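Working notes for the structure below.
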Amino acid sequence: MAFESKIKTIEWVDNVSRMIDQTILPYEFKTVDIKTTKEMYYAIKDMIVRGAPAIGIAGAHGVSLSAIELSKTINDKNEFLTELQKQADYLKSSRPTAVNLMWAVDKQMQLAKNTQGDVKEITKALIENGIKLENEDIEINKKMGDYGAEVVPKGATILTHCNAGALATVGYGTALGVIRSAYAKDPTIKVFADETRPRQQGARLTTWELTQDGIPTTLITDGMCSYFMSKGMIQMVVVGADRIAANGDTANKIGTYTVAIAAKYHNIPFYIAAPLSTIDTSIKSGKEIPIEERSHEEVTHINGDWICAKDVNIINPGFDVTPHELITGIITEKGILKPDFETSIRKAFLNN
């Protein structure tokens with residue numbers, strides 16, 4: 001039995017990219033229409049859309065929007081492709097860690113360069129491919145969910161960090177896709193969701209998603225996971241990823257590394273759920289993953305109000321890297337990759 005999530009985070013509608021505004025959840029549910037390249041850049045940068053797979057689709061839609069804009073004033077194919085590449089590079093600069101953004105934008109650019117025909121035909125092909133990638137994302141997530149559900153113990157309480165759900169994808173989710181598929185088979189499954197400071201994606205987004213679907217969820221603060229693990233109240237950890245290196249080292253929302261260390265100490269399985277598009281085989285290890293430094297206000301303010309001394313120093317990396325030694329398996333649309341990850345990742349791409 002498949003579990004159907006009601007959420008569709010981003011979709012192409014009448015030549016605009018329509019997306020849920022995740023900056024105002026759970027206080028308000030609203031969609032926004034992104035109509036230009038610049039609007040898409042800031043939608044990604046300001047996290048109106050967030051989550052590696054969703055950012056990827058936003059990037060693909062962004063290239064389509066760029067093509068629509070440029071086709072209004074440029075007829076020469078070579079000039080069009082040159083300017084389109086500039087817009088693609090601009091989009092890729094919006095957030096540096098999530099490799100799905102680069103993957104999707106580059107896929108669009110490769111298609112643009114390989115498409116026979118004039119500017120209008122290239123633009124049409126880009127729009128169609130963006131929609132194709134959008135639809136494929138949901139199917140990929142459902143496949144991951146089915147593979148992941150196979151390793152969820154009966155009656156388990158699963159801890160997740162940040163939001164790797166329908167809101168982080170086009171729909172269904174990566175880590176939360178595993179939870180949805182597991183819950184469809186076993187309704188005794190429960191979830192612990194980390195708050196995930198400083199942007200509270202676990203508190204704001206994951207709890208909203210799972211309660212919408214009727215999945216029993218308990219919110220805990222980031223520092224509580226070890227306590228509940230020591231009490232035997234967590235049987236499994238499943239998180240998403242923003243970039244995975246060729247050796248399995250995984251970048252995810254800041255605090256994930258801490259959860260992985262605690263899980264290792266307590267002999268609790270720690271799984272990553274991510275599509276193959278999140279794996280960056282061009283880098284050997286997590287040391288090569290660029291870590292985004294985000295605004296200090298994310299740490300110093302909550303809902304616009306100061307929560308600390310105004311002259312305190314702030315460091316706010318958006319992500320950390322979990323070493324592959326702490327990871328039990330990587331759940332993908334091609335199955336669950338196990339150590340040694342260099343070999344299993346290489347085989348997954350050979351069969352892709």
Side-chain angles (χ1 to χ4, degrees), residues 10-19 34-41 43-44 49 52-141 143 169-170 242-244 246 274-283 290 332-334 345-352:
I10 179 171
E11 59 183 328
W12 187 262
V13 181
D14 297 330
N15 278 353
V16 301
S17 181
R18 182 165 295 161
M19 59 181 67
I34 304 301
K35 301 175 182 178
T36 68
T37 312
K38 188 173 182 180
E39 286 179 2
M40 184 61 80
Y41 174 90
I44 297 169
V49 62
I55 291 172
I57 301 306
H61 286 184
V63 176
S64 299
L65 292 172
S66 297
I68 292 170
E69 289 177 84
L70 293 170
S71 66
K72 293 175 181 177
T73 57
I74 300 174
N75 292 318
D76 180 76
K77 183 176 180 178
N78 290 332
E79 183 186 354
F80 174 81
L81 290 174
T82 299
E83 293 304 313
L84 190 64
Q85 184 64 63
K86 291 178 183 177
Q87 295 301 305
D89 292 340
Y90 171 65
L91 286 165
K92 288 196 292 183
S93 71
S94 57
R95 295 198 70 191
T97 302
V99 75
N100 302 64
L101 174 59
M102 294 67 175
W103 171 84
V105 170
D106 288 345
K107 264 193 168 305
Q108 287 284 68
M109 285 308 304
Q110 183 179 18
L111 175 72
K113 291 169 184 175
N114 291 340
T115 298
Q116 300 296 316
D118 60 17
V119 166
K120 288 185 179 179
E121 287 168 308
I122 294 171
T123 301
K124 181 184 176 185
L126 288 170
I127 292 169
E128 290 174 351
N129 195 54
I131 295 169
K132 177 173 173 282
L133 292 174
E134 174 190 319
N135 292 331
E136 286 175 350
D137 179 78
I138 296 175
E139 295 309 310
I140 286 169
N141 293 338
K143 287 179 182 177
T169 63
V170 175
D242 287 84
R243 189 182 301 212
I244 302 170
L276 291 181
S277 58
T278 303
I279 302 176
D280 185 355
T281 56
S282 72
I283 58 173
T332 76
E333 70 270 32
K334 295 296 183 180
I345 286 171
R346 186 166 57 249
K347 287 181 179 177
F349 277 93
L350 285 174
N351 297 327
N352 190 25

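Computed from a predicted structure; not experimentally measured.
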Quick one: are N135 and W12 in side-chain contact, heavy atoms under 4.5 Å?
no
Compute whether any side-chain donor of one residue and acceptor of the other, for Q85 and D89, lie under 3.5 angstrom apart.
yes
Side-chain heavy atoms of M109 within contact of L84, under 4.5 Å:
yes
Does N114 use its side chain to pair, donor to acceptor, with the backbone of Q110 at less than 3.5 Å?
yes
Is the closest side-chain heavy-atom distance between I244 and V99 below 4.5 Å?
no
Matching residue for E39 among I34, L65, I44 - test: side-chain contact (heavy atoms from CB on, under 4.5 Å)
I34
Given R243, which of T97, N100, D280 fulfils the side-chain hydrogen bond (donor to acceptor under 3.5 Å, both in side chains) condition?
D280
Expected output: side-chain S64 to main-chain L126 donor-acceptor under 3.5 Å
yes
As an exercise, state the distance from CD1 of I279 to CD1 of I345, rounded to the nearest 0.5 Å.
4.5 Å
Between H61 and E11, does any side-chain donor sit less than 3.5 Å from a side-chain acceptor?
no
About how many Å separate CD1 of I55 and CE of M102, when rounded to the nearest 0.5 Å?
9.0 Å
Is there a side-chain contact between S94 and K92 in this structure, where contact means two heavy atoms from C-beta onward sitting under 4.5 Å apart?
no
Supply the atom-to-atom distance N78 CG to E83 CD, rounded to the nearest 0.5 angstrom.
12.0 Å
Working to the nearest 0.5 Å, report the span between CG of N129 and CD of E134.
11.5 Å
Salt bridge present between E121 and K124 (N-O < 4.0 angstrom):
no
Look only at the side chain of T278 and the backbone of A274, and say whether a donor-acceptor pair between them is shorter than 3.5 Å.
no
Whether Q108 side chain and A60 backbone form a donor-acceptor pair below 3.5 Å
yes
Under 4.0 Å between a side-chain nitrogen and a carboxylate oxygen: does that hold for D242 and R95?
no
Apply side-chain contact (heavy atoms from CB on, under 4.5 Å) to residues Y90 and K38 and explain how you reach the verdict.
CA-CA 9 Å; Y90 171 65; K38 188 173 182 180; 3.8 Å; yes
Grab the two heavy atoms, one from S71 and one from T123, that are nearest each other, plus how far apart they are.
CB-OG1, 3.9 Å
Would you check if the side chain of E69 reaches a backbone N or O of T37 as a donor-acceptor pair within less than 3.5 Å?
yes
Is any side-chain heavy atom of D137 less than 4.5 Å from a side-chain heavy atom of L133?
no
Within this structure, what is the CG-CD1 distance for the pair L276 and I140, rounded to the nearest 0.5 Å?
8.0 Å
Do E136 and K132 meet the salt-bridge criterion of a basic N to acidic O distance under 4.0 Å?
yes
Between M40 and M19, is the side-chain contact (heavy atoms from CB on, under 4.5 Å) condition met? List the steps.
CA-CA 10 Å; M40 184 61 80; M19 59 181 67; 3.9 Å; yes
So how far is it from K120 NZ to I68 CD1, rounded to the nearest 0.5 Å?
13.0 Å
Go through I122 and D118 one step at a time and tell me if the side-chain contact (heavy atoms from CB on, under 4.5 Å) criterion holds.
CA-CA 6 Å; I122 294 171; D118 60 17; over 6 Å; no
I would like to know whether S66 and L91 meet side-chain contact (heavy atoms from CB on, under 4.5 Å); could you show each step before the answer?
CA-CA 10 Å; S66 297; L91 286 165; 4.3 Å; yes
Check the surroundings of atom CG in N75: do more than 12 heavy atoms from other residues, nucleotides or ligands lie under 6.0 Å from it?
no
Are side-chain heavy atoms of P53 and V170 found at a separation under 4.5 Å?
no
